[in-house]
There are 2 protein chains.
Amino acid sequence: MNKIKIALADDELLFRQGLLAILGNQENIDILFDAEDGDDLINKLRSADLQPEIVVTDLKMPGLNGVEVTKLIRKEFPNIKVIALTSYFSKPFILNMISIGAVAYLAKNSTPALMIKTIEQVAKKGFYYDEQVLQYVHESLVSPKDKKTKCTFDANYFTKREIEVLELICNQMTTSDIAEKLFISPRTVEGHRNNLLLKTEAKNVAGLVIYALKNKLVSLDNNSF
Amino acid sequence: MNKIKIALADDELLFRQGLLAILGNQENIDILFDAEDGDDLINKLRSADLQPEIVVTDLKMPGLNGVEVTKLIRKEFPNIKVIALTSYFSKPFILNMISIGAVAYLAKNSTPALMIKTIEQVAKKGFYYDEQVLQYVHESLVSPKDKKTKCTFDANYFTKREIEVLELICNQMTTSDIAEKLFISPRTVEGHRNNLLLKTEAKNVAGLVIYALKNKLVSLDNNSF
DNA sequence: TTAAAAACAGGTGTAAACCCCTATTTTTTA
DNA sequence: TAAAAAATAGGGGTTTACACCTGTTTTTAA
């Protein structure tokens with residue numbers, strides 16, 4: 001029997017080692033290598049003789065994060081399947097991850113058994129949606145009334161500029177700070193912020209920050225404190 | 001040789017299983033039990049025939065978090081040593097944890113070797129400070145000019161009410177929302193918020209939220225999104 | 001190459017946040 | 001049982017955030 005060849009990326013060493021310990025006992029799984037962040041993973045993929053079939057990657061990582069890693073892998077290594085590993089996720093975030101190429105989601109509070117099952121299913125069928133993700137996918141496909149199918153998919157997600165503004169908000173910048181930094185009018189910044197509030201359904205900046213962190217849209221590492 | 005008896009608490013099952021896998025191989029460590037959150041841990045401690053010498057606990061957990069767990073253990077089980085496990089932490093937070101009774105800190109990106117060393121040192125000496133923590137402790141003892149020694153220790157930390165207000169801010173509540181909820185005047189809430197801003201050196205609520213999450217003062221699980 | 005989406009930006013107004021100050025009462029702790 | 005710390009709450013003010021409009025220009029993709 002051919003072993004499933006995988007690679008791991010997570011910035012928390014203890015967690016990574018834990019996964020290695022758990023998966024190392026699996027006779028049908030072969031861990032080719034593990035990486036401490038996105039850059040490390042991409043470098044190892046580029047220089048590896050033997051490519052993994054599956055990459056299990058954390059979403060929140062310093063430097064190149066899971067989202068960017070997934071995009072890059074899809075471009076450079078289209079045969080590699082990406083399983084996203086995370087603690088929290090919201091519907092629009094998952095749908096976006098799927099649209100950029102992740103084939104499965106694993107919550108960090110999953111059982112080792114579910115993790116192994118997910119890896120096996122991805123190796124076998126190319127993807128795996130658990131119940132929650134399936135629910136989200138279903139909801140996104142059923143149009144609320146007579147609207148276009150794709151609506152929920154994109155409309156809930158963010159533009160580049162919105163992400164930029166969100167990051168600056170998370171860096172404690174005010175509207176005018178952000179306007180200066182981005183060389184645009186404060187009114188435009190307000191527009192982006194309002195769109196963020198609408199899309200995230202947050203009530204205020206506190207909600208935006210929570211959303212951003214929960215969905216790993218910005219990293220805590222680069223901030224103050 | 002007597003094995004070191006420990007207990008683990010972490011809400012992320014995969015992480016917990018990983019630790020079990022790592023520590024399970026250690027011949028000088030005996031894991032009595034593990035818990036999925038603070039309440040679970042306390043319950044198991046109360047009903048256990050054999051008490052652990054050391055508890056390794058995550059700080060961010062739903063329900064009873066690591067800070068509260070540490071306080072409770074110190075009261076009810078003063079012989080049990082607490083090792084705090086976390087991803088990020090700031091100087092005032094560590095100093096506060098030490099003052100409430102934690103005997104060591106472990107970053108989640110530590111090596112398994114460091115984790116084992118920390119456990120062994122705590123079992124042997126009763127505490128273990130790594131370089132970073134030592135640095136913080138040192139700084140807190142050296143007065144900036146001629147000020148009182150204890151200053152940095154307490155003045156940077158938070159009162160119960162401040163933590164309550166911080167949590168509600170993180171739940172997207174406004175000043176008047178919080179005032180209603182706590183049956184106090186909005187001005188009092190403002191006072192607490194101002195103290196939080198001073199102590200954290202945050203610029204606005206965005207900063208407060210970041211600080212709260214980074215230092216695991218509030219849990220993401222109970223929130224919206 | 002033409003719609004659609006994104007980015008831009010203005011008006012007007014209210015609510016909330018934030019800043020400076022003071023001061024009393026309650027709780028904790030040395 | 002004092003002294004310290006925490007919790008309470010007020011006056012008076014500026015700045016920022018947020019809501020609900022409107023519209024144009026630029027970029028992206030079918």
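Values reported hereafter were calculated over all heavy atoms of this structure, with side chains retained and with hydrogens, waters and symmetry mates removed. Every chain is numbered from 1, with letters handed out A, B, ... down the list of sequences.
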What integer distance in Å separates [X]:[atom1] from [N]:[atom2]?
{"X": "B:Leu196", "N": "C:dC18", "atom1": "CG", "atom2": "C1'", "result": "13 Å"}
{"X": "A:Leu182", "N": "C:dA6", "atom1": "CG", "atom2": "P", "result": "18 Å"}
{"X": "B:Asn195", "N": "D:dT8", "atom1": "CG", "atom2": "C1'", "result": "12 Å"}
{"X": "A:Leu198", "N": "C:dA5", "atom1": "CG", "atom2": "P", "result": "16 Å"}
{"X": "B:Lys160", "N": "D:dA6", "atom1": "NZ", "atom2": "C1'", "result": "11 Å"}

Sequence neighbours excluded and cut-off under 3.5 Å, please list the side-chain donor-acceptor pairs for residues 76-83 of chain B, or say none.
residue : atom : partner : partner atom : Å
B:Glu76 : OE1  : B:Arg46 : NE           : 3.1
B:Glu76 : OE2  : B:Arg46 : NE           : 3.2
B:Glu76 : OE2  : B:Arg46 : NH2          : 2.4

Inset, instruction - Decide whether a cation-pi geometry holds between B:Lys108 and B:Phe15; the criteria are a distance under 6.0 Å from NZ or CZ to the six-membered ring centre and an angle within 45° of the ring axis. - result: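 Pair B:Lys108/B:Phe15 counts as cation-pi.
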Inset, instruction - Spell out, as yes or no, whether a donor-acceptor pair under 3.5 Å connects the side chain of B:Lys44 to the backbone of B:Asp34. - result: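 Yes, because the side chain of B:Lys44 sits within donor-acceptor range (under 3.5 Å) of the backbone of B:Asp34.
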Inset, instruction - Treat primed atoms plus P, OP1 and OP2 as sugar-phosphate and everything else as base, then score nucleotides 9-25 of chain D 5' to 3': B for base contact with protein heavy atoms under 4.0 Å, S for sugar-phosphate contact only, - for none. - result: BBBB---SSBB------
Inset, instruction - For the helix from C:dT1-D:dA30 to C:dA30-D:dT1, measure the angle between the helix axis at one end and the axis at the other, each built from five pairs, rounding to 10°. - result: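 The angle, to the nearest 10 degrees, is 70°.
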Inset, instruction - Using a strict cut-off of less than 4.0 Å between a Lys/Arg side-chain nitrogen and an Asp/Glu carboxylate oxygen, indicate whether B:Arg161 and B:Glu164 qualify as a salt bridge. - result: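 A salt bridge is present here (some side-chain N lies under 4.0 Å from a carboxylate O).
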Inset, instruction - Mind checking B:His192 for me? I need base, sugar-phosphate or nothing, with any heavy atom below 4.0 Å counting as a touch. - result: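 Here B:His192 touches the bases of the nucleic acid.
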Of all heavy-atom pairs between [X] and [Y], which one has the smallest distance, and what is that distance?
{"X": "A:Asn109", "Y": "B:Asp11", "result": "CB-O, 3.9 Å"}
{"X": "B:Asp58", "Y": "B:Leu85", "result": "OD1-O, 3.1 Å"}
{"X": "A:Ala123", "Y": "A:Glu53", "result": "CB-OE1, 4.4 Å"}

Legend entry - Value rounded to 0.5 Å, distance of CD1 in A:Ile42 from CG in A:Leu72: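 Here the interatomic distance stands at 4.5 Å.
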